[in-house]
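Counting starts at 1 for both ligands and their atoms, in listed order. Along the sequence shown, residues are numbered consecutively beginning with 1.
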Amino acid sequence: MALLNSLAKLKNYLLFANRTTIPQDWDFNKMGIGGLDDEFSTIFRRAFASRVFPPDLVEQLGMKHVKGMLLYGPPGTGKTLIARQIGKMLNAREPNIVNGPQMLHKYVGESEANIKSCLLRRKKSRPR
Ligand SMILES: Nc1ncnc2c1ncn2[C@@H]1O[C@H](COP(=O)(O)OP(=O)(O)OP(=O)(O)O)[C@@H](O)[C@H]1O
C-alpha cells in the first residue's frame, strides 16, 4: 500500500517535472544566452528534475540526486557560459573553471593527479 501511494505521488511529480523542465520565468535571451535551449532542457531534465520531489519521497524511492556534470563540446560553444549561468540561477558559488591544457602534464599519471587535486581543493572549500 505504501508503495502504491509512493508511485501515485511519483506520477504526479513526474507530470509536474515534465511540464516544468525549464522554469518558466528564466529568460535565457535576457541572460545573453542564445540557441542553447535544448542543452538547458536536457540539463534540467537529467540533473535537476529529481530536486522537485520532496525529500521523503526521494528517500523512499532510493533516488540519488545528480551532484555534478561534465560539459563537453567544441571550443567556444558555451560550456563555460552554461556553467556560470546555472550557478547564478541557483544562487550557488561561482563554478571553478579550469582550462584543459592547465591540467595536462608531460609525465604519465601527473595529468590525472592534477585533476584529482583540483577536485579535492574544490571539495575542501565547499561549505558544510
Ligand atoms: N549560446 C551562446 N550565446 C551567447 N554567447 C555565447 C554562446 N556560446 C558562447 N558564447 C560566448 O562565446 C564565448 C565563448 O564561450 P564559452 O567560454 O562559454 O565557450 P566554451 O565552450 O567554454 O569554450 P572552451 O571549450 O574553449 O573553454 C563567451 O564570450 C560566451 O559568452
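Of the protein's heavy atoms, Leu81 CD2, 4.8 Å lies nearest to atom 11 (C) of ligand 1. Shortest contact from atom 25 (O) of ligand 1 to any protein heavy atom: Lys79 NZ, 2.8 Å. In this structure, atom 27 (O) of ligand 1 lies nearest to the protein heavy atom Thr80 OG1, 4.0 Å. With hydrogens left out, the protein atom closest to atom 24 (P) of ligand 1 is Gly76 N, 3.7 Å, a heavy atom.
Heavy-atom distances between Gly35 and ligand 1 stay at or above 4.0 Å for every pair.
Rounding to the nearest 0.5 Å gives a distance of 4.5 Å between NE2 of His65 and OG of Ser50. One finds the NZ atom of Lys116 at 13.5 Å from the CZ atom of Arg121 (value rounded to the nearest 0.5 Å).
The presence of a protein heavy atom under 4.0 Å from atom 20 (P) of ligand 1 is confirmed. Contact annotation for atom 13 (C) of ligand 1: protein absent (non-hydrogen atoms, distance under 4.0 Å). Protein non-hydrogen atoms do reach within 4.0 Å of atom 9 (C) of ligand 1.
The proximity of Leu36 to ligand 1, defined as any non-hydrogen pair under 4.0 Å, is limited to the side chain.
Counting heavy-atom neighbours within 6.0 Å of Arg46 CZ, excluding the residue itself, gives a total of 12 or less.
Nearest to atom 2 (C) of ligand 1 by heavy-atom distance, out of Pro74, Gly78, Gly34, Gly32, is Gly34.
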Could you list the donor-acceptor pairs under 3.5 angstrom formed between side-chain atoms of residues 99-113 and any protein atom two or more places apart in sequence or on another chain?
from	atom 1	to	atom 2	distance (Å)
Gln102	OE1	Asn99	N	3.3
His105	ND1	Tyr107	N	3.1
Ser111	OG	His105	N	3.0

Which pairs would a plain distance check flag for residues 67-85, meaning a side-chain donor or acceptor within less than 3.5 Å of a matching protein atom at least two apart in sequence or in another chain?
from	atom 1	to	atom 2	distance (Å)
Thr77	OG1	Pro74	O	2.7
Lys79	NZ	Gly73	O	3.0
Lys79	NZ	Pro74	O	2.9
Arg84	NH1	Glu94	OE1	3.1

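A donor-acceptor pair under 3.5 Å is absent between the side-chain atoms of Arg45 and the main chain of Phe40, judged by distance alone.
Under the 4.5 Å side-chain contact rule for hydrophobic residues, Val98 and Ile115 share a cluster.
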